[in-house]
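Note sheet for the following structure.
In this chain, numbering begins with 1 at the start of the sequence shown. Heavy atoms only: backbone and side chains are in, while hydrogens, waters and symmetry mates are out.
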Amino acid sequence: MGLGVLEDHSNLEHVPGTATLEDLDELAAGVRAQSGRAKLKTSKEGVILVPQPSNDPKDPLNLPLWRRDLITAILCLWSVIASTLSPLLAANTLTLTLYFRRPFNEIALLTGYHVLGVGIAGFIFVPSARVWGKRHLYLLGTLIIIISSIWGGASNHNFNSLMAARFFQGVGLAPFEALVNASVGDLYFVHERGKRMALTNLSLFGGAFFTPVIVGKLTASIGWQWSFYFIAIFGALLFPLVVLLVPETAYRRDDSLNTDTYITDKRDSYESGHELKSKSPNDAVESHTDDAAHTMPKQPLITREGLMPFNGRKTDESFGKLLLRPFPLFFHPGILMMMLIQGMMIGWTVLIGIVLAAIMLGPPLFFDEVKTGYMYTGAFVGALLGFLLAGVLSDSSAKWMTRLNKGIYEPEFRLVLVIPQLIFGCAGLYGFGITSSNTPVYGWFWPDFFFALEVMGMVLGAVASALYIVDAHREIAIEAFTCLLVFKNIFSFGLTYSGYGWLVQNGVKPVFMAISSVQVVICLLAIPMYVFGKRNRSFFARHDIFAKLKLK
């Protein structure tokens, strides 16, 4: 047992996801033997690189670190713009209700059909990413967002036209929600992913909470249509950066180099592992600096090949089978757990937005759209704090636990981030339910404070789930992120469709007491996932669910 993670007792020598980050014991020899390499590449600090980079200069892992960070920065910047789409109308509920002369619940569906568009598009875009890579979808998503934003602003009094534009804005958002975290898995080694994954999740989720702060004031000054037009303008300005500086991140790497995902059998590896035990440790590693320019020929920043939307197939599997592959993963315990950890908190955040729009506009506060927008300041601060805490804890805790575990890294170490999610996120839900239901006593500050705590927990859960999927199930990460995308958006759609009536019928406090308790149970389920996670990974490695369903 490694720090509470139960060992696997099957015939697998190496369980996918388990990795050797430091050359401290016999497992490193076993990894070398099974990968067919006498030497393993390491960072300047001596950390074994997982996965192992190939000798191909076109391998994204061989790009200089500054180049990989530039790609991530551009994707994060676009993700911030794209993430503003979901809460774009959060502060405009009263304005749009009066403008279109429609009931409150119909205005809420402008957000509901938007997230529905994200969920539906994800099913189509993800297999396309598996077959042809991610670049063409980033380009397509950018163009769809620009066009649909112009369309939305020009809808004026045509409610159905605005509803359709919102749906297609969701379609344009889908590639960023589904694939940016997977691109981090393409671009970085295991020991480099934590802070970058925290940044991408802050961009995808945290940036959205500053939107209502701006949009409320913008609507009061120049009209709600300009919130759409500004998205189109910023999108058009960023489009050249995506075209010129974001190459394809997917790469077909030899299976022997994927030292975190390959599968070996104890009976096949025992003898070869012992043959290497007598080798000198100095012969066992090969230096590979984090700046790959030291070991690989320098590549131009912009190449003709890099400008093409497609550069070959990334898998030989059929599009039709890949289209169906996310469905069985909804019953995969590890993926299901991550869907709950991330998706439920995002759904409760949507429900909080409904409460803010409903209770802050009425007595005793009588907020207008500007003041209602300002209520999202707390959420934005909470997102920043969640990002900072996740950035500090994600990699440092994993490395510390790896050292305690004699150099063996287990993806379950990422689940320790659920502890602060439990503390901050659930406290935020309980506190918001109590204070927002009694604004004459608590005013606006305490609901906003607890909203910040809830969002802080949401970001921590999003980072934990994304890191666990990439580290534990990297070979099915894209399909897994599809499940997360579909679950959280369909769940959020359901809350926008019926949440207002639920709150009116039962009251704010009873509803939030119930959902807070549900969230506590979900967070506590991370304990058995931590303990049995390695055995779960081993089981599904030995029983390929896709092969059994003839989806391979």
Side-chain angles (χ1 to χ4, degrees), residues 3-5 17 19 177 180-182 184-185 188 190-206 260 332-349 382-402 409-429 453-474 476-477 480-481 483-485 487-488 518-534 536-537:
L3 302 184
V5 179
E177 276 207 19
V180 170
N181 282 326
V184 173
Y188 297 99
V190 168
H191 73 282
E192 296 175 329
R193 291 175 188 161
K195 294 181 178 64
R196 276 87 178 183
M197 198 74 79
L199 181 60
T200 55
N201 279 280
L202 174 69
S203 303
L204 286 167
F205 303 117
D260 53 338
H332 186 299
I335 307 303
L336 175 61
M337 185 67 222
M338 296 310 105
M339 283 191 288
L340 295 175
I341 288 291
Q342 182 181 116
M344 297 293 277
M345 283 295 281
I346 291 174
W348 307 143
T349 306
L384 288 176
L385 292 175
F387 159 69
L388 292 174
L389 186 58
V392 169
L393 292 179
S394 55
D395 280 340
S396 61
S397 62
K399 290 178 181 178
W400 177 68
M401 294 177 76
T402 299
Y409 168 75
E410 303 289 2
E412 285 70 33
F413 296 165
R414 300 294 194 183
L415 297 181
V416 298
L417 288 178
V418 179
I419 297 173
Q421 182 194 35
L422 171 65
I423 296 170
F424 296 111
C426 295
L429 285 171
L453 291 184
E454 188 274 341
V455 171
M456 189 175 176
M458 186 203 75
V459 171
L460 287 161
V463 173
S465 58
L467 283 171
Y468 185 76
I469 285 175
V470 169
D471 289 356
H473 305 288
R474 187 164 61 85
I476 56 170
F481 281 122
C483 293
L484 264 67
L485 175 118
F487 176 80
K488 68 188 179 188
V518 168
Q519 189 61 42
V520 169
V521 173
I522 290 171
C523 290
L524 292 177
L525 286 175
I527 297 174
M529 191 70 244
Y530 178 92
V531 174
F532 296 101
K534 189 170 185 175
N536 178 68
R537 288 185 280 125

Determine the minimum heavy-atom distance between [X] and [Y], stating which atoms define it.
{"X": "Cys523", "Y": "Gln421", "answer": "SG-OE1, 3.6 Å"}
{"X": "Leu389", "Y": "Pro420", "answer": "CD2-CB, 4.1 Å"}
{"X": "Pro333", "Y": "Asn536", "answer": "CG-OD1, 3.5 Å"}
{"X": "Gly194", "Y": "Leu467", "answer": "CA-CD2, 4.0 Å"}
{"X": "Ala383", "Y": "Val459", "answer": "CA-CG2, 3.9 Å"}
{"X": "Ala480", "Y": "Ile335", "answer": "CB-CD1, 3.6 Å"}

Tell me, do [X] and [Y] make a side-chain contact under 4.5 Å, heavy atoms counted?
{"X": "Arg196", "Y": "Leu199", "answer": "no"}
{"X": "Val463", "Y": "Leu393", "answer": "no"}
{"X": "Leu3", "Y": "Tyr530", "answer": "yes"}
{"X": "Tyr468", "Y": "His473", "answer": "yes"}

Please round to the nearest 0.5 Å and tell me the distance separating atom [atom1] of [X] and atom [atom2] of [Y].
{"X": "Ile423", "Y": "Met456", "atom1": "CD1", "atom2": "CE", "value": "9.5 Å"}
{"X": "Ile476", "Y": "Phe481", "atom1": "CD1", "atom2": "CZ", "value": "11.0 Å"}
{"X": "Phe413", "Y": "Leu415", "atom1": "CZ", "atom2": "CG", "value": "10.5 Å"}
{"X": "Leu422", "Y": "Ile522", "atom1": "CG", "atom2": "CD1", "value": "11.5 Å"}
{"X": "Thr200", "Y": "Asn181", "atom1": "OG1", "atom2": "CG", "value": "4.0 Å"}
{"X": "Leu202", "Y": "Leu388", "atom1": "CG", "atom2": "CG", "value": "8.0 Å"}

Subject >> Inter- and intrachain pairs under salt bridge (Lys or Arg N to Asp or Glu O under 4.0 Å), touching residues 411-422, at least two apart >> reply: Asp395-Arg414, Glu412-Arg537, Arg414-Asp471
Original post:
Any side-chain donor-acceptor pair under 3.5 Å between Glu454 and Trp348?
Top reply: no
Please report, to 0.1 Å, the donor-acceptor pairs under 3.5 Å made by any side chain of residues 337-346, with sequence neighbours excluded.
| residue | atom | partner | partner atom | Å |
| --- | --- | --- | --- | --- |
| Gln342 | OE1 | Lys488 | NZ | 3.3 |
| Gln342 | NE2 | Ser465 | OG | 2.9 |

